[in-house]
Q: 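Below is one structure. I have some questions about it.
Model, not experiment: these values are computed from the prediction. Just so it is clear: chains get the letters A, B, ... in the order the sequence lines come, proteins before strands, and each one is counted from 1.
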Amino acid sequence: MLHNLKKNLFEILVKIDKNIMINIDDIEVETLFDKRGDFTTNSALKFSKIYNSNPKQLANLIIENLKINDFEKVEIAGPGFINFTLKDETFNSQLINNKIEFKNTDKVNIEFVSANPTGPLHLAHGRGAVVGDILSNLFEYFGHKVTREYYVNNTGNQINEFLSSILYSISNKNNLSLNENQFYKGDYINDIANYCYENFKSLFNKELSPSDRINIVNFAIENLVNQTIQTLGSAGINFDEISYETNIMEKEYLPLILEKLNQSELIYKGQLNAPKDYTGTQKDNDLTIFKSTLFNDDEDRALTKNDGSPTYFANDIAYHEDKYQRGYNKLINIWGADHLGYLKRLSSAITSLHPEIDFSVVFCQIVNLKRDNKIQKLSKREGNIFELKNLINEIGVDNFRYFMSYRKNDTHMDLDIDLIKKENKENPIYYIQYSYARTQSVLDKTNKIIETQLLVTSELKNLYKKLLEWENVIKSAYQKKEVHLIAHYLESLSSYFHTLWSSSKNNPKAKFLDKDNNISSDLHKLLCNYQNILKDGLKILGIKPKLQM
RNA sequence: GCGCUUGUAGCUCAGUAGGAUAGAGCACCAGAUUCCUAAUCUGGGGGUCGCAGGUUCGAUUCCUGCCAAGCGCGCCA
């Protein structure tokens, strides 16, 4: 219906002046839920200038050309809105056709979580995980072939420090006097240390060789990665591809990348300000530097370190080159807010190499944990972290997924754990599920589907109109990559259902079932439609509807 | 100091690629259950959309400045 109206308006506007180029997607039709009508468009306001007219004149012109069979009333309101009121008889099973016409079968690579493999997942990773998974579901809903990808940064200083921390723990516990430092703290380090010691006991009889050390740390990393995969898997989040930084390095993309960037005159040899803990002399070696200031970055960025080895940035470019080589033109990364400053350099490098790549990043802001009405102070450095698996265990998968995705991804969020654990109306997910259970109970009790006249009440109309919005909402969530819109819509939709349900308290004729438990075919289709949309929406969120509560 | 994100009701947050009277939940007050599930519904109070300018027919939305909170500001990852 909404789409038809849009199309109708579009055709009229084209007919009015064939020389004016407008796009059908520029036409906005919104749903109204009050006395003004059922739908509204601001087209006359929006286009009056390019039609060399004034809003009210253009509105009149549009109305003159409108096929008005379906409408009870069409009127100009305010500065030039056109408000449409549908005839009552239009509200029937024909009204809703919520098949999504738009399909796009392109391959998409969505990379998310990608936590450093030096510790267990904690609260902050949870948001990225849920948002990434739901976004993947959403892209699949629109036909894309989605690869959910996880990246393991298993090189660099952090890995040395991780190993050192493990050996420190082993040394302490077993009186080995290994000369190691403690960088990471926490029970999990001791657990992994024990595990490593049990597995490699014989190695500790003599001094560890470099290859021994590599074996131990790889074992520890593998252990953590497996834990991570398991934790996320328990929340219904599964990956199609796990990429290791070391494997990407073996493919030796960097020389080709540097050559290509050099040809585009985007790199140079030179010096940058010395890093904080730098001990050598700056003139040891020239660095290879990417001119990211050309792309509005604050500074140019180093691709090689003083010792000639690649920086994290360089390896990350290679990683994205690898994604491209695997056939992905559409890359989406989910990052924490602490990487905001990293976006410009990476996106400019990627698009310099391959302008055809559609690269975008969805940022997830900080999540605070609130308990007993107080924000909990958590610090990873002190080993005082709230592990994600504990959170999921405490609140359950449905709550976890819902509450991590019902706030806009780039706003700061307080996760009130006491509120989530309440199983009542303060918790929106029960509200949504309850409406589904109500529809199911009607369907379960239905005797026969019969053809009768539909009683068109304002509550019924509102539910129909809300169902019509689904197509716009889901498309908007997809285009804007904003998954919270889905949860908000489902809550709102449920509300219209509960209102309709309750209206039968005062008006028994508004019930779905008659005395003989028969239902009109229109209402039956309405209920099925309602269930389908709720099911689709919940499925994208990764939540199963409850048939009974 | 610079950059990014955020600032909307007592609280938690929607809305804003310029549009009509700025919304929801919670909390507070008053009601609804012989009736398909009351885990629900109805009504009510509550707002200078951080502050100040600017752009125009119109700004919570765009621009500038300021204030506040968070994050980032390595050849770390």
Side-chain angles (χ1 to χ4, degrees), chain A residues 28 32 34 36 40 42 45-46 48 54-55 77-81 83 116 118 153 155-159 161 245 271-278 280 282 284-285 287-289 296-299 301-316 336-344 363 365-366 368 370 373 406-408 410-416 419 422-428 430-431 433-435 437-446 480 484-485 487-488 491-492 494-495 497-508 510-514 517 519 548-549:
Chain A
E28 298 171 45
L32 296 173
D34 55 36
R36 292 174 295 179
T40 185
N42 62 356
L45 286 160
K46 195 171 171 179
S48 64
N54 71 53
F81 294 97
N83 294 344
N116 283 332
T118 54
N153 298 121
T155 66
N157 283 342
Q158 56 169 356
I159 298 304
E161 293 180 356
E245 187 174 4
Q271 298 286 333
L272 292 171
N273 290 332
K276 284 174 204 156
D277 55 358
Y278 188 74
Q282 264 200 45
D284 289 350
N285 277 307
L287 310 174
T288 304
I289 299 170
N296 290 324
D297 200 359
D298 299 337
E299 293 173 57
R301 306 291 177 175
L303 291 164
T304 58
K305 302 184 200 173
N306 190 267
D307 63 5
S309 66
T311 59
Y312 172 82
F313 174 41
N315 278 343
D316 214 18
D338 53 346
H339 283 68
L340 277 162
Y342 186 68
L343 174 62
K344 269 179 190 162
F363 284 98
Q365 268 289 357
I366 310 280
N368 290 313
K370 206 168 165 188
N373 226 15
Y406 87 134
R407 295 299 183 218
K408 200 173 170 195
D410 61 5
T411 61
H412 306 233
M413 180 173 90
D414 292 339
L415 202 67
D416 187 336
L419 184 148
K422 287 183 185 169
E423 299 203 350
N424 62 23
K425 59 183 171 182
E426 288 181 48
N427 184 333
Y430 285 90
Y431 186 82
Q433 295 278 27
Y434 186 46
S435 76
R438 277 179 154 176
T439 59
Q440 188 59 40
S441 87
V442 172
L443 294 176
D444 288 345
K445 285 192 172 132
T446 297
K480 293 155 95 174
H484 73 288
L485 295 173
H488 280 276
E491 264 186 71
S492 174
S494 306
S495 171
F497 178 81
H498 286 306
T499 298
L500 172 62
W501 181 281
S502 302
S503 69
S504 72
K505 306 283 178 202
N506 296 325
N507 182 7
K511 288 172 70 172
F512 290 100
L513 297 173
D514 66 15
N517 280 349
I519 190 170
Q548 273 192 334
M549 286 176 76

Q: Name the nucleic acid region contacted by A:T155, choosing base, sugar-phosphate or nothing; use a 4.0 angstrom heavy-atom cut-off, strictly under.
A: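 The residue A:T155 makes sugar-phosphate contact but no base contact.
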Q: Rounded to whole Å, please give me the gap between CG in A:D316 and P in B:C76.
A: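 Interatomic distance, CG of A:D316 to P of B:C76: 12 Å.
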Q: Please give, in whole Å, the distance from B:A69 C1' to A:D410 CG?
A: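 Taking CG of A:D410 and C1' of B:A69, I get 15 Å after rounding.
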Q: Distance criterion of 3.5 Å, no angle test: do you see the side chain of A:T304 paired donor-to-acceptor with the base of B:C75?
A: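 No, no donor-acceptor pair under 3.5 Å.
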Q: Any idea if B:A17 is syn or anti, going by the 90°-from-0 cut?
A: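 For B:A17, whose glycosidic angle is within 90° of 0, the conformation is syn.
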Q: B:A38 phosphate, OP1 or OP2: any side-chain N/O from A:W501 under 4.0 angstrom?
A: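 Result: yes.
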Q: Would you tell me whether A:S48 and A:N54 have side-chain atoms, one donor and one acceptor, within less than 3.5 Å of each other?
A: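 Note: A:S48 and A:N54 side chains miss the donor-acceptor criterion.
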Q: Mapping A:I366 and A:A77 onto RNA chain B by nearest heavy atom, which one lands closer to the 5' end?
A: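 By nearest-heavy-atom nucleotide position, the 5'-most residue is A:A77.
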Q: Using whole Å, report how far CG of A:D338 lies from P of B:C73.
A: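 Distance check: A:D338 CG to B:C73 P gives 8 Å.
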Q: Kindly give the heavy-atom pair with the smallest separation between A:L340 and A:Q365, and that separation in Å.
A: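 What the structure gives for the nearest pair is CD1-NE2, 4.5 Å.
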Q: With distance as the sole criterion, do the side chain of A:S495 and the base of B:A24 form a donor-acceptor contact below 3.5 Å?
A: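 Counting by modelled atom types and ignoring angles, no donor-acceptor contact under 3.5 Å is found here.
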Q: Can you measure A:N296 atom CG to B:C73 atom P for me and round it to whole angstrom units?
A: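 Nearest whole value for this atom pair: 20 Å.
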Q: Just checking A:K505: base, sugar-phosphate only, or nothing, at a heavy-atom cut-off of under 4.0 Å?
A: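 It contacts base atoms.
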Q: Taking only Watson-Crick and G-U wobble pairs with both distances under 3.5 Å, what dot-bracket line describes RNA chain B, where [ ] shows pairs that cross earlier ones and | shows pairs with another strand?
A: (((((((..((((.....[...)))).(((((.......))))).....(((((..]....))))))))))))....
Q: When all nucleic acid strands are considered with a 4.0 Å heavy-atom cut-off, which category describes A:R301: base, sugar-phosphate, or nothing?
A: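 Here A:R301 touches no strand at all.
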Q: Return the value, rounded to whole Å, for the distance between atom CG of A:L45 and atom P of B:A20.
A: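 Between P of B:A20 and CG of A:L45: 10 Å.
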Q: Measure all distances between protein nitrogen or oxygen atoms and nitrogen or oxygen atoms of nucleotides 11-14 of chain B, and list the pairs falling under 3.5 Å.
A:
residue: B:U12; atom: O2'; partner: A:R407; partner atom: NH2; Å: 3.2
residue: B:C13; atom: OP1; partner: A:D414; partner atom: N; Å: 3.1
residue: B:C13; atom: O2'; partner: A:R407; partner atom: NH1; Å: 2.3
residue: B:A14; atom: OP1; partner: A:K408; partner atom: N; Å: 2.8
residue: B:A14; atom: OP1; partner: A:T411; partner atom: OG1; Å: 3.2

Q: Could you check whether any side-chain heavy atom of A:L272 comes within less than 4.5 Å of a side-chain heavy atom of A:E299, counting everything from C-beta outward?
A: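 Of all side-chain heavy-atom pairs linking A:E299 with A:L272, none is under 4.5 Å.
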Q: Which part of the nucleic acid does A:Q433 contact within heavy-atom distance under 4.0 Å: base, sugar-phosphate only, or nothing?
A: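 No contact.
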Q: Just to verify, what does A:H498 make a ring-ring contact (aromatic ring centres under 6.0 Å, His included) with, not counting sequence neighbours?
A: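 ring-ring contact (aromatic ring centres under 6.0 Å, His included) list for A:H498, sorted by chain: A:Y431, A:Y434.
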Q: Of the nucleotides B:A38, B:C41, B:A77, which has the atom closest to the A:N157 side chain?
A: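 Given the options B:A38, B:C41, B:A77, the side chain of A:N157 is closest to B:A77.
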Q: To the nearest 0.5 Å, how far apart are OG in A:S494 and CZ in A:R438?
A: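 Answer for the OG-CZ pair, A:S494 versus A:R438, is 11.0 Å.
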Q: Over how many whole Å does the gap from A:L340 atom CG to B:C2 atom P extend?
A: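 Going from A:L340 (CG) to B:C2 (P), I get 18 Å.
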Q: Please work out if A:N83 contacts a base, only the sugar-phosphate, or nothing of the nucleic acid, heavy-atom cut-off 4.0 Å.
A: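 Base: the residue A:N83, judged by heavy atoms under 4.0 Å, touches a nucleobase.
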Q: Report the distance from atom NE2 of A:H498 to atom P of B:U37, rounded to the nearest whole Å.
A: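 About 13 Å, once rounded to whole Å.
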Q: Between B:A17 and A:K480, is there an OP1 or OP2 to side-chain N/O distance shorter than 4.0 Å?
A: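 Answer no for this pair, as no side-chain N or O of A:K480 is under 4.0 Å from OP1 or OP2.
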Q: In whole Å, I'd like the distance from the CG atom of A:L343 to the C1' atom of B:A77.
A: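 These atoms are roughly 17 Å apart.
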Q: Heavy atoms under 4.0 Å, any strand shown: does A:F363 hit a base, just sugar-phosphate, or nothing?
A: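 Answer is nothing: A:F363 stays at 4.0 Å or more from every strand.
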Q: Reckon A:A337 touches a base, only the sugar-phosphate, or nothing at all at heavy-atom distances under 4.0 Å?
A: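 Sugar-phosphate contact only - A:A337 comes under 4.0 Å of backbone atoms but never of a base.
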Q: Should the pair A:R36-A:D34 be classified as a salt bridge under the 4.0 Å nitrogen-to-oxygen rule?
A: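 Yes.
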